[in-house]
K.L.:
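First the structure, then my questions, so here it is.
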Amino acid sequence: MVGKGECNEMFTIQPIGVIRSCFTEKFGIPRQPGMIKSAVAELELYQEFNREEMLRGLEQFSHIWVHFLFHETVSEGWKSTIRPPWLGGKKRVGVFASRSPHRPNHIGLSAVRLNGIVRKGRRFVLELSGVDFLDQTPVLDIKPYVPYSDCLPVASSGYAHGKRPSVHLEFSAESMVFCTTYQEKTGRNLQQLVQEMIENDPRPASQKGNRQRFGMLLWDVNIRWRVEEGGFFVEFCTYVGTTVRSPNTF
């Protein structure tokens, strides 16, 4: 039943573009934007919105707000309570007291750095960094980030009380060679991205202490790393589709 002043009208939202991200799977994606400075993506505008006048003046801003759809969780539905990583995955809070993707409308909001606006072929592309987007994420809207109103120094952050301390990380000689060669071929600083991500410990709370070896996909590369006393160790990197050498490595 709809009360006085309430509206139960259904609305249709049309995506204006799509994200091309370094994160090609959900595992390892930063829990918040800005945590991994070297995490990059491109926002490609669709034809109807691929108009220069719609972007006029945006280049003057260093950061933008990106409204997007958690497209891979839509089929999973929404939850009234969730277990946030900040609380170790053990305590529940209301979904509206979290940034969980399992929301009634599955809408996300991230403030990211705008590195540039370029034209590639027939479409405008926004080059972004410090992102937390899954590849192929539909974009619903873009707004400029305005520090004088958007930055609130007196705001409290509840249970999300700050950045977690980073952990020590080492690379094998083999993985270092791969990262160097990959950067020479693609211009992508894979080593820096891997280092920032693993130092921030991307493991879900439920997997800490239960597993020693992990893997994640970045662009077209499989990263394999393990837990060691005092930190983590990157064992090796391979292109997606390459057979992993031994079942004991992951």
Side-chain angles (χ1 to χ4, degrees), residues 18-44 62-63 66 110-121 123 125-137 163-204 207-208 211-250:
V18 65
I19 293 288
R20 313 294 185 192
S21 172
C22 60
F23 301 119
T24 51
E25 67 172 4
K26 287 188 286 187
F27 180 85
I29 293 180
R31 297 183 178 95
Q32 305 295 341
M35 293 181 62
I36 309 298
K37 306 299 183 185
S38 57
V40 296
E42 293 183 340
L43 195 169
E44 181 180 303
S62 65
H63 292 73
V66 178
S110 292
V112 298
R113 173 171 285 278
L114 175 61
N115 295 322
I117 303 174
V118 298
R119 188 156 197 163
K120 294 188 176 182
R123 290 182 177 175
V125 172
L126 280 63
E127 297 179 336
L128 311 174
S129 62
V131 304
D132 59 346
F133 306 127
L134 179 66
D135 190 49
Q136 302 299 315
T137 290
K163 188 175 181 179
R164 297 173 179 175
S166 62
V167 295
H168 180 67
L169 174 68
E170 290 187 7
F171 288 77
S172 68
E174 178 183 351
S175 63
M176 287 288 289
V177 169
F178 184 97
C179 289
T180 300
T181 303
Y182 186 81
Q183 184 169 1
E184 291 173 350
K185 290 182 178 179
T186 65
R188 298 168 173 170
N189 194 338
L190 179 64
Q191 181 186 344
Q192 181 66 29
L193 179 57
V194 171
Q195 183 151 350
E196 288 186 34
M197 290 187 62
I198 298 181
E199 282 183 345
N200 278 281
D201 194 353
R203 297 175 298 167
Q207 295 183 7
K208 294 181 180 180
R211 293 174 53 188
Q212 296 301 310
R213 284 183 162 85
F214 294 85
M216 59 187 180
L217 300 180
L218 298 174
W219 288 303
D220 53 350
V221 179
N222 284 303
I223 315 296
R224 296 293 182 258
W225 50 286
R226 69 173 184 257
V227 179
E228 291 191 338
E229 185 175 354
F232 301 129
F233 183 77
V234 178
E235 296 180 313
F236 62 93
C237 309
T238 60
Y239 283 102
V240 173
T242 303
T243 302
V244 177
R245 298 167 300 177
S246 167
N248 296 323
T249 61
F250 179 55

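Basis for what follows: all heavy atoms, side chains included, without hydrogens, waters or symmetry-related copies. Since the structure is predicted, the reported quantities are computational estimates derived from the model, not experimental observations.
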K.L.:
Within a strict 4.5 Å, meaning less than it, do heavy atoms of the F178 and Y239 side chains meet?
P.N.:
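Answer yes - side chains close enough.
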K.L.:
How long is the span from the CZ atom in R213 to the CZ atom in F233, to the nearest 0.5 Å?
P.N.:
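These two atoms lie 10.0 Å from each other.
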K.L.:
In Å and rounded to the nearest 0.5 Å, what is the CD1 to CE distance from I29 to M35?
P.N.:
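Output value for this atom pair is 12.5 Å.
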K.L.:
Taking the side chain as everything from C-beta on, heavy atoms only, tell me whether R224 gets closer than 4.5 Å to F214.
P.N.:
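With C-beta onward as the side chain, the pair stays apart.
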K.L.:
I want to check something: taking the side chain as every heavy atom from C-beta on, are V118 and E42 in contact at a cut-off of under 4.5 Å?
P.N.:
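V118 does not reach E42 side chain to side chain.
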K.L.:
Which heavy atom in V112 sits nearest to a heavy atom in P33, and how many Å separate them?
P.N.:
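Here V112 and P33 meet closest at CG1-CB, 4.2 Å.
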K.L.:
Which heavy-atom pair separates A41 from S21 by the least distance, and what is that distance?
P.N.:
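So the two residues come closest at CB-CA, 3.9 Å.
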K.L.:
Taking the side chain as everything from C-beta on, heavy atoms only, tell me whether F23 gets closer than 4.5 Å to D132.
P.N.:
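No, their side chains stay 4.5 Å or more apart.
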K.L.:
What do the steps show when you test V18 against Q136 for side-chain contact (heavy atoms from CB on, under 4.5 Å), and what is the final call?
P.N.:
CA-CA 6 Å; V18 65; Q136 302 299 315; 4.1 Å; yes
K.L.:
Where the side chain of T137 meets the backbone of F133, is there a donor-acceptor pair that is under 3.5 Å apart?
P.N.:
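No; zero donor-acceptor contacts below 3.5 Å.
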K.L.:
Output yes when R226 and E235 qualify as a salt bridge under the 4.0 Å nitrogen-oxygen rule, no when they do not.
P.N.:
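A salt bridge is present here (some side-chain N lies under 4.0 Å from a carboxylate O).
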K.L.:
Looking only at non-hydrogen atoms, find the nearest pair between L169 and F171 and report the distance.
P.N.:
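Smallest interatomic distance, heavy atoms only, reads CD2-CE1, 3.8 Å.
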K.L.:
Determine the minimum heavy-atom distance between I19 and L134, stating which atoms define it.
P.N.:
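Smallest heavy-atom distance, with atoms named: CG2-O, 4.1 Å.
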K.L.:
Could you measure the distance from the CG atom of N189 to the SG atom of C179? Nearest 0.5 Å is fine.
P.N.:
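The CG atom of N189 sits 8.5 Å away from the SG atom of C179.
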K.L.:
Has the side chain of E127 got a donor or acceptor atom that lies under 3.5 Å from a matching backbone atom of L114?
P.N.:
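The answer is no, because no donor-acceptor pair under 3.5 Å joins these two groups.
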K.L.:
Find out whether D135 and W219 are in side-chain contact, i.e. whether some heavy atom of one side chain is under 4.5 Å from a heavy atom of the other.
P.N.:
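Not in contact.
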K.L.:
So which heavy atom on V221 is nearest to which on I223, and how close?
P.N.:
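The answer is CG1-CD1, 3.5 Å.
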K.L.:
Rounded to the nearest 0.5 Å, what separates atom CH2 in W225 from atom CE in M216?
P.N.:
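Those atoms lie 6.5 Å apart.
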K.L.:
Hey, are the side chains of Q183 and Q191 touching, using non-hydrogen atoms and a 4.5 Å cut-off?
P.N.:
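Q183 vs Q191: side chains apart.
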K.L.:
Could you tell me which residues satisfy side-chain contact (heavy atoms from CB on, under 4.5 Å) with S129, sequence neighbours excluded, listed by chain and number?
P.N.:
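Partners of S129 under the side-chain contact (heavy atoms from CB on, under 4.5 Å) test: V40, R113, N115.
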K.L.:
So, Q192 and S38: side-chain donor and acceptor under 3.5 Å apart, yes or no?
P.N.:
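Side chains of Q192 and S38: no pair found under 3.5 Å.
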K.L.:
Considering only heavy atoms from C-beta outward, does the side chain of Y182 approach that of R188 to under 4.5 Å?
P.N.:
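Answer yes - side chains close enough.
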K.L.:
If I take atom NZ from residue K37 and atom CG from residue L193, how far apart are they, to the nearest 0.5 angstrom?
P.N.:
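Reported value, rounded in 0.5 Å steps: 13.5 Å.
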K.L.:
Before accepting this row, confirm whether a basic side-chain N of the pair R123/E44 lies closer than 4.0 Å to the acidic partner's carboxylate O.
P.N.:
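Salt bridge between R123 and E44, a charged N being under 4.0 Å from a carboxylate O: yes.
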K.L.:
How many angstroms lie between SG in C237 and CG in N222, if you round to the nearest 0.5 Å?
P.N.:
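Between C237 SG and N222 CG, I get 9.0 Å after rounding to 0.5 Å.
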K.L.:
Within the 4.5 Å heavy-atom criterion, are M197 and L218 side-chain neighbours or not?
P.N.:
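Counting from C-beta outward, M197 and L218 do come under 4.5 Å.
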